[in-house]
Each structure stands twice: as structure tokens, then as C-alpha cells.
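Structure, as C-alpha cells:
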Amino acid sequence: MIESSYFLYVSAILFALGFAVLITKKNLIMMLMGVELMLNAVNINFVALARNASDPFEGQLFSLFIMIIAASEVAVALAIILKLRQHYKTINPDLLDELKN
């Protein structure tokens, strides 16, 4: 049986990679993928910690809610990104400065 600490290490690495992608990329789709990596890291944590909990379904239920929220987030974010691309002809967030003033 694999120890829970290994899952936590993988989760921490995934979260760090997702955060790095989120703050370094200049593309809205890549930023969305970074957020998805971070949400999957949280899912791994919930499932790994649920193995040792008194009620193992609790962590899995939270993980299921996160997957539902992530799917909804992707659908809404991609629709917004497509409209931004259609209107501004770019998905670089630094070039979308029309709403600043």
C-alpha cells in the first residue's frame, strides 16, 4: 500500500506547477490550465487524506464537487476567452486594457 505522504508530495508538486503556469504565462488558455492543475492537486489531497479518515466517502465527495466546479469553470472560462478573442483578436491579458480607464 502506498503511503499518503507520497500523494501529498505529488499534490504539492502539481500545485506548484499550476501556480507557476498561472503567474508566468501570457495566454488565457494556459492560465486556465494552470488553475486546473491546482484544482487537481486539491483533489489528490482530498482523496489521499480520505483514506485515513473515519468516513472515507467525505473526501471523495469533496473531490467530486471540485470536479463539477472545475468542469463548470472551464465551460464558462472558455466561452469568455472565445468572446475576448473574437472582439480583441488576442488572448494576451496584458493587451486587454480597454476596461482599465
Side-chain angles (χ1 to χ4, degrees):
M1 181 169 205
I2 301 173
E3 292 182 28
S4 294
S5 61
Y6 293 121
F7 291 109
L8 297 179
Y9 292 140
V10 170
S11 172
I13 291 169
L14 267 181
F15 192 87
L17 284 174
F19 186 71
V21 166
L22 182 67
I23 63 171
T24 59
K25 294 298 178 183
K26 300 285 184 191
N27 184 329
L28 289 175
I29 292 177
M30 293 299 290
M31 294 169 75
L32 180 64
M33 290 174 69
V35 170
E36 292 300 317
L37 272 179
M38 292 166 62
L39 287 174
N40 283 328
V42 173
N43 273 342
I44 290 173
N45 269 343
F46 275 130
V47 172
L49 295 176
R51 292 172 50 189
N52 299 329
S54 60
D55 186 10
F57 295 112
E58 200 169 286
Q60 294 173 4
L61 189 63
F62 279 124
S63 181
L64 182 64
F65 283 137
I66 289 174
M67 282 191 267
I68 293 169
I69 290 171
S72 305
E73 172 214 342
V74 166
V76 171
L78 283 178
I80 292 172
I81 290 170
L82 287 176
K83 286 306 264 184
L84 285 173
R85 170 77 173 105
Q86 185 181 25
H87 189 265
Y88 294 104
K89 308 291 185 219
T90 182
I91 53 174
N92 185 348
D94 290 337
L95 300 177
L96 303 174
D97 59 353
E98 190 171 294
L99 296 177
K100 284 185 179 176
N101 296 326

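Each residue takes its place number in the sequence, starting with 1.
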Note to self: In this structure, would Leu8 and Met38 fall into the same cluster of hydrophobic residues linked by side-chain contacts under 4.5 Å?
What the structure shows: no
Margin query: If you compare all heavy atoms of Ala48 against all heavy atoms of Phe7, which two are closest, and at what distance to 0.1 Å?
Written below: CB-CB, 3.5 Å
Next item on the list: Can you measure from CE (Met30) to OG1 (Thr24) and round to the nearest 0.5 angstrom?
Entry: 8.0 Å
Notebook entry, point to check: Rounded to the nearest 0.5 Å, how far does CG of Asn92 lie from CG of Leu84?
Noted result: 11.5 Å
Check: Which atoms form the tightest heavy-atom contact between Lys89 and Gln86, and what is the distance?
Finding: NZ-O, 3.3 Å
Next item on the list: Look at the side chain of Ser72 and the backbone N and O of Ile68, then say whether any donor-acceptor pair between them is shorter than 3.5 Å.
Entry: yes
Checklist line | Interatomic distance, Asn45 atom CG to Ser4 atom OG [nearest 0.5 angstrom] | finding: 10.0 Å
Next item on the list: Report yes or no: do Val42 and Phe19 belong to one cluster of Ile/Leu/Val/Met/Phe/Trp/Tyr joined by side chain heavy-atom distances under 4.5 Å?
Entry: yes
Note to self: To the nearest 0.5 Å, what is the distance between CG on Leu32 and CG on Leu78?
What the structure shows: 5.5 Å
Item checked: Neighbour count above 12 (heavy atom, 6.0 Å) for Ile2 CD1 -> no
Next item on the list: Determine the sole option in Leu96, Ile80, Thr90 for which the side-chain contact (heavy atoms from CB on, under 4.5 Å) test with Leu28 is passed.
Entry: Leu96
Item checked: Shortest non-hydrogen contact between Gly59 and Ala50, atoms and distance -> CA-CB, 3.7 Å
Check: Does Ile23 belong to the same Ile/Leu/Val/Met/Phe/Trp/Tyr cluster as Val35, with side-chain heavy atoms less than 4.5 Å apart forming each link?
Finding: yes
Note to self: Ring-plane angle category for Phe62 and Phe65, please: parallel below 30°, perpendicular beyond 60°, tilted otherwise.
What the structure shows: perpendicular
Check: For the hydrophobic clusters of this structure (ILVMFWY residues joined by side-chain heavy atoms under 4.5 Å, transitively), does one cluster hold both Met31 and Leu39?
Finding: yes
Notebook entry, point to check: Do other residues, nucleotides or ligands put more than 12 heavy atoms under 6.0 Å from Glu58 CD?
Noted result: no
Notebook entry, point to check: How far does CG of Leu64 sit from CD1 of Ile69, to the nearest 0.5 angstrom?
Noted result: 10.0 Å
Check: In the single-linkage hydrophobic clustering (I, L, V, M, F, W, Y; side-chain heavy atoms under 4.5 Å), do Ile13 and Leu22 co-cluster?
Finding: no
Next item on the list: Measure the CD1-CG distance between Ile66 and Asn40 for me, rounded to the nearest 0.5 Å.
Entry: 9.0 Å
